[in-house]
Amino acid sequence: MRFLVGILVTLTLSAQTAPSDSTRILARLDLEKYKAHIKGLAQFGDRVQGTQRNRDAIDWLEKQLRSFGYSNVERHRFMSTDGPLENIYATKTGTGTPKEMYIVSAHMDGRGGGEAADDDASGCAVVLELARVLAMPDVRTSRSVRFIFWNNEEFGMDGSGTYALERVSQASSAEPKVLGVIQHDMMMYDHGMPPGPKQRPNADINIEYQANSKMAAESAKLAAALQEANRTQSPDYPAIIGSNMAGTDSIQFQDLVPSVSLRENERVTGIIRGSNPNHHEPTDNYENYTEEDFRLGFSSAKTTLGGLVPLSGITLVRSR
Ligand SMILES: [Zn+2]
């Protein structure tokens, strides 16, 4: 009997003290790598659609994804009003139900004549960092996760718009069923209103869905799952849910599948009222953000990955 109690105590203790898969997977996210991804995209300047800077940035993204281990990097070509463009994506294929899929996204184009570091290299860096961790050979996912970098968000949102039309609303049966879209757009700058030189003490992540959409209830659920992951896995900055998602690629999906955006501020009450003085300006440069700003952006990477672990069924395979 004493022996049995001993075993039970040991089992209980190890269940409490052994870090969960989720904790172990999230620990692989790396702030320095997150910053390096931002710098990597910033080197191409603002990446306006149709320019060589934009094309070079897509090639660079492909190189990164391949270096993580993805052999299935693909380009989704579409016709924008100014000519042909491409989105780029790679997929971590699910081992359980691969035809069910989450989309984790950001836009790779930018504007303003600077480096478009916050808008939206900071979101692309979240997507890259999640792609890097999920590519690790001992990380499995039951459902698929697709990492997409949209083109031409800034002048028509037609990269995401065309994808939503061709691959979701009029999708062939070969296309995985999208269970949710998690967009990341402007992740770093929460300096209050009017914005001051430093991050405000109560800086937060803003998760938004669109109340006035066909998938509002399902999108609110996705937002709540991410908020819960933030609370338990990434408590350094809280996540606040808003219901007026706007001005970013996820709106193209809001009537089709559960769709949310993660951002440094609410779009309508913050960003378009000038919460980031660098927004679309030549000053949106890597060097104009501080360690605290990078940490806020990085905190969204933890939030999204923390949410995806249960949603997609991400686990670690232990070698014996
Ligand atoms: Zn943006």
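Read the numbers this way: they start at 1 and go in the same order the structure lists the ligands and their atoms. Fair warning: this is a prediction, and the values are worked out from it, not measured in the lab.
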Undergrad: So, with waters excluded, how many protein N/O/S atoms does the Zn ion (ligand 1) have closer than 2.8 Å?
TA: 4

Undergrad: Please determine, by modelled atom types, if Ser300 and Thr303 share a side-chain donor-acceptor pair under 3.5 angstrom.
TA: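 There is no such pair between these side chains.
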
Undergrad: When the ring centroid of Tyr286 is compared with that of Phe294, is the distance short of 6.0 Å?
TA: yes

Undergrad: For Tyr189 and His191, take the angle between the two ring planes, folded into 0 to 90°, and tell me which bin it lands in: parallel under 30, tilted 30 to 60, perpendicular over 60.
TA: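 Rings of Tyr189 and His191: parallel, as their planes differ by under 30°.
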
Undergrad: Using the side-chain hydrogen bond (donor to acceptor under 3.5 Å, both in side chains) definition, which of the options Asp119, Asp120, Asp185 pairs with Arg263?
TA: Asp185

Undergrad: List for me each residue that meets salt bridge (Lys or Arg N to Asp or Glu O under 4.0 Å) alongside Glu175, sequence neighbours excluded, and say none if there are none.
TA: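 Partners of Glu175 under the salt bridge (Lys or Arg N to Asp or Glu O under 4.0 Å) test: Arg146, Arg167.
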
Undergrad: Over 60° means perpendicular and under 30° means parallel, so tell me whether Trp150 and Tyr163 are parallel, tilted or perpendicular.
TA: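 Rings of Trp150 and Tyr163: perpendicular, as their planes differ by over 60°.
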
